[in-house]
Every structure is written in structure tokens, then in C-alpha cells.
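Residue numbers start at 1 and run along the sequence shown. Keep in mind the model is a prediction, meaning the values are calculated, not measured.
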Amino acid sequence: MIFGLVGSPNKGKSTFFSAATHTGAEIADYPFTTIKPNMGVSYIARPCPEVELGVKCKPRNSLCRNGIRQIPVKIVDVAGLVPGAHLGKGMGNQFLNDLVEADLLIQVVDLSGQTDLAGNPASGFDPSEEVKMVKEELASWISEIISRHINKISKRDDGVRALTEVLSGFKPTENQVSTAAERCSLPTYRITWDADAIKAFSRRFLELNKPIIVAANKLDKSKPGALAELKKKLAGITVIGCSAAVELAIRKAEQSGVIEYNANLASDPIKILKEVSQEQKIAIEYMSRYVSEHGGTGVHEILDMAAFGVLHEIAVYPVEDENKFTDHFGNVLPDVFLMPSGATALELAGKIHTDIAANMLYAIDAKKKIRLQKNYMLKDNDVIKIVSAGKKG
Ligand SMILES: Nc1nc2c(ncn2[C@@H]2O[C@H](COP(=O)(O)OP(=O)(O)OP(=O)(O)O)[C@@H](O)[C@H]2O)c(=O)[nH]1
Ligand SMILES: [Mg+2]
């Protein structure tokens, strides 16, 4: 799974990226600090079945901390988007291509209103304008791609197939393309759409292909009520407040061994481990108060919400031994796979190996020890053994 960080310049994308991936990205108080995309790995969290099954897991494709399974997701942090980006303004549009593969976009906005659309200092700037602008720029980018190929598309009978091919970089399903066209009441047999129709289609396609979640950043210096106001203005979009700067400061202090951070503890989530200066003590007390008051910094809440709340992914654990919950080598609950909700046991088999799917007989629910049909619809947190005629799953 890939999340793309988008937004206008100077909103805190690279700060969010560094805080989430625990790697350094260049951060500065001026627009266009980021030019080349930063790529990194972060984790989304789910309760590990080791707790309910009373076993100790040995993860291979993920991590487990205090009974919480941490599943890797890729994050890409790109240059800031400004009005006219699709025409080459600002850092141009080449970096838009870095977003093409993202499954979801996290738009970082400045909730404090202290930067404008170009990332320059402002006061009382309305962050909902940033969301509108980014949507328009991304839709224009898609429109440009379609317009470039419209002659070729119009010669094909099956417009859905033709568009799916032209937009193949986005890895769209034909269903996304046909639904977007239907929602604009546009015919898809031998497409002869004008510029307005292409734009309308692109907006709908964007909604389906790149769902957006809004990270209302700089909450630490925003006015009270700003978050509620933004949520009201962006009704229909998931908006979560966060302070990427506080998360980054905590992670840095943790990495240097000064503190221990346990986000799950309501009181005293930050423990001081070393002798610290008065200045550090004040900073740590501030961070501690901030996370206690807000129930965290919002950064990981946003990542979890993106995967499980917006994309509706589920976490499924394939095993080879349904009694010991192990793989071939005896690793307990070794792998966790993210699957789209509605995925079947057969689709899980396909994700393990095409041969296993081809020869699949049935599946076993390892928690309940019951046999499941190939078309069994997987549930979040399922532990599943695939039984196939050739190999065992
Ligand atoms: N108070 C506060 N400041 C923040 C927060 N997040 C980022 N900043 C500051 O905002 C400025 C811009 O941060 P960056 O992470 O470089 O922003 P960006 O969106 O990547 O900017 P470009 O790469 O220029 O598009 C820096 O001075 C950060 O320290 C936050 O949560 N709270
Ligand atoms: Mg940046």
C-alpha cells in the first residue's frame, strides 16, 4: 500500500513524512523545500491475534509491539503543489507522476492559517481553499492526460477499455472508469467528450482512484475551534487534526534515548530516561501535555484511518498449521496481508501463490477450526489456512 503526501508548499508534508517514517527529510520554513520526492516506510497498527489466541508471534513481514501488529506502508512525500501546477507552475508537474501509484492521498493543510496557497506567510488563511486547489490541480492533471489521447480514444468502440488503457499508470479498474463516467452521465461508446466533459470525468475518477484524507496540521498553534470549522467546511471528507512537529520532536527524543514513548498510555505517555537540561525538560513536559490532551499527535491516527477507515482494508493472517498458527518453518503468525474488504479466501490464496490459488480446495478458519468455502468473505483479523491439492498454504 502506498500513501502520497500532497498539499501546497510549507504545510508540513516533510515534517509529517519524517515523523511517520522516522527518517530525515529536509524541512524548512519556506516554500519548495522538497524538490525530489522522499520515499519511506511507516507502519499502520492493528491488534495482533497473538493476544486472543494466547500465543507469542514471530512476525516476518511486519512487526509486533506489545500485542499491536505493525504493518508496513510506503509513503511518498512530494514537492508542494501551487495553482497552475498541472501547467508547470511551481515545481512543475513532473512530480505529479510520483503520486500516480498512490492508493490514497494524505493532504497536509496548515490549520493555523499562517501560510497561503503559495506557502508564503499569511494570517487567517482558510485551509479548505488548499483542499479545493489541490483537487482542481489533480483533476486538471488527469484531464491533460486524457485530452492528449482523446483522438485515439474516440476511434475505439469501447471507451471504458480505451480510457482504462490511457490511465493505466493509475492502475484503475474498469469499474472505476465506468462509474466515473456514469456519475457524470457521459456515454462511453465511441467517446466524443469536450473539454468540460473530460474535466467532469477527471474529478469523479480522482475521487474513486485517489481517495483523500485531510491531515489538519499545526494543530499545536491553531486557534480553538479551527478544526471543527474545517470539518464543517469539508463535510464528506475525513479530516483529522495533527501536529507533525510534536510527533517529530517525540520521535527524535526517543531515537536519541532521552525518552520512552508509549502512545497507548493515557497518563504519562512519555517517560524521561536520562538526565536532561532545564530546557529539554520544558520541551518534554510540553510534548507530554500535548499528547495527553489530544490522545496522541494525530500522525498515526491518520495513517490508520487512511488504511482501515477510508480504504476499508482488512488485516488477514495466513498460516500453514491451523493448530499452531505457524508457517512451514514454525514461525507463529508470520505474515499479515492487507486485503480490500469483500476479498475472498480464494483471493488470499492468490496473494500467497498463483499455484495455491489454482489448486485450492477449501480454507480453514484457524480460530474456530471450521472449513470455509473458496468464496468465503474474509473478515478483519482472520487467521486462515488455505488447503490446496498440490501444495499446502
Ligand atoms: N507549529 C508547527 N509547525 C510545523 C508543523 N509541521 C511543520 N511545521 C513547520 O512548517 C514549516 C514547513 O514544514 P515542511 O515539512 O518543510 O513543509 P512542506 O509542506 O514539506 O514544504 P515544501 O516541501 O516546501 O512544500 C517548517 O518550519 C516546519 O517546522 C506542526 O505540526 N506545527
Ligand atoms: Mg517538503
Side-chain angles (χ1 to χ4, degrees), residues 1 20 41-73 240 260-269 271 291 295-296 298-353 356-357 360-388 391-393:
M1 174 136 16
V41 175
S42 187
Y43 292 90
I44 49 176
R46 239 19 199 168
C48 178
E50 70 164 8
V51 180
E52 63 168 300
L53 295 174
V55 292
K56 184 83 206 88
C57 71
K58 194 159 182 237
R60 281 193 335 174
N61 76 346
S62 44
L63 299 169
C64 192
R65 250 178 143 192
N66 306 321
I68 305 290
R69 188 60 75 107
Q70 310 203 308
I71 310 163
V73 289
I240 297 179
E260 191 180 282
Y261 177 49
N262 188 344
N264 300 319
L265 294 180
S267 69
D268 289 336
K271 231 192 269 159
V291 291
V299 168
H300 282 279
E301 193 190 333
I302 288 165
L303 299 174
D304 290 346
M305 179 58 98
F308 302 113
V310 178
L311 290 177
H312 303 292
E313 294 285 306
I314 55 171
V316 184
Y317 299 76
V319 293
E320 214 175 298
D321 183 324
E322 73 274 28
N323 296 309
K324 294 187 181 143
F325 315 112
T326 53
D327 65 6
H328 196 61
F329 306 100
N331 298 310
V332 177
L333 297 166
D335 294 328
V336 52
F337 287 168
L338 290 173
M339 308 282 297
S341 69
T344 62
L346 181 61
E347 285 168 86
L348 175 66
K351 218 167 162 171
I352 300 167
H353 202 285
I356 290 176
M360 178 173 172
L361 301 171
Y362 58 92
I364 296 172
D365 178 330
K367 289 183 186 173
K368 296 189 190 143
K369 316 282 186 248
I370 54 171
R371 204 183 254 228
L372 306 166
Q373 301 293 320
K374 284 190 202 178
N375 65 357
Y376 164 76
M377 210 186 272
L378 296 162
K379 291 194 310 299
D380 188 35
N381 228 19
D382 265 350
V383 179
I384 300 283
K385 174 193 164 93
I386 305 287
V387 180
S388 70
K391 281 182 191 162
K392 285 182 182 172

*Of all the heavy-atom pairs spanning G67 and V51, show the shortest one and how long it is.*
CA-CG2, 3.9 Å
*asked:* Applying salt bridge (Lys or Arg N to Asp or Glu O under 4.0 Å) as the test, list every pair that has at least one member in residues 328-337; sequence neighbours left out.
replied: R60-D335
*Just jot down the side-chain hydrogen bond (donor to acceptor under 3.5 Å, both in side chains) partners of S62, sequence neighbours excluded, or say none.*
R69
*asked:* Quick test of your reading: applying side-chain hydrogen bond (donor to acceptor under 3.5 Å, both in side chains), list the pairs with at least one residue in residues 306-319, sequence neighbours left out, ordered by first then second residue.
replied: none
*Hey, what do you get for CG (L63) to SG (C48), rounding to the nearest 0.5 Å?*
11.0 Å
*Inter-residue atom distance S42.OG - I71.CD1, 0.5 Å rounding*: 11.5 Å
*Might you point out which heavy atoms bring N323 and D321 nearest each other, and give the distance in Å?*
N-OD1, 2.7 Å
*Take R46 and V336 through the side-chain contact (heavy atoms from CB on, under 4.5 Å) test and state the conclusion after the steps.*
CA-CA 10 Å; R46 239 19 199 168; V336 52; over 6 Å; no
*All pairs passing side-chain hydrogen bond (donor to acceptor under 3.5 Å, both in side chains) where residues 324-333 contributes a residue, at least two apart*: E320-H328, D327-N331
*Could you tell me whether the side chain of D365 and the main chain of I370 form a donor-acceptor pair under 3.5 Å?*
no
_Name of the residue among T344, L348, I384 meeting side-chain contact (heavy atoms from CB on, under 4.5 Å) with Y376_ = I384
*Side chain to side chain, F337 and N61, heavy atoms closer than 4.5 Å*: yes
*Backbone of P49 reached by a side-chain donor or acceptor of E52 within 3.5 Å*: no
*So which heavy atom on A345 is nearest to which on L378, and how close?*
N-CG, 4.0 Å
*Backbone N/O of L338 and side chain of K351: donor-acceptor pair under 3.5 Å*: yes
*Compare every heavy atom of S388 with every heavy atom of I356, then report the nearest pair and how far apart it is.*
O-CB, 3.5 Å
*Please list, chain by chain and in numerical order, all residues satisfying side-chain hydrogen bond (donor to acceptor under 3.5 Å, both in side chains) with K56, sequence neighbours excluded.*
E50
*Donor-acceptor contact below 3.5 Å, side chain K369 vs main chain E322*: yes
*Do you know the tightest heavy-atom contact between L303 and A20?*
CD1-CB, 4.0 Å
*asked:* According to side-chain hydrogen bond (donor to acceptor under 3.5 Å, both in side chains), who are the partners of R65, at least two apart in sequence or on a separate chain?
replied: none
*Between V73 and Y43, which heavy-atom pair has the shortest distance, and what is it?*
CG2-N, 4.3 Å
*K367 side chain vs N381 backbone, donor-acceptor pair below 3.5 Å*: yes
*Which value, rounded to the nearest 0.5 Å, describes the distance between I352 atom CD1 and E347 atom CD?*
12.5 Å
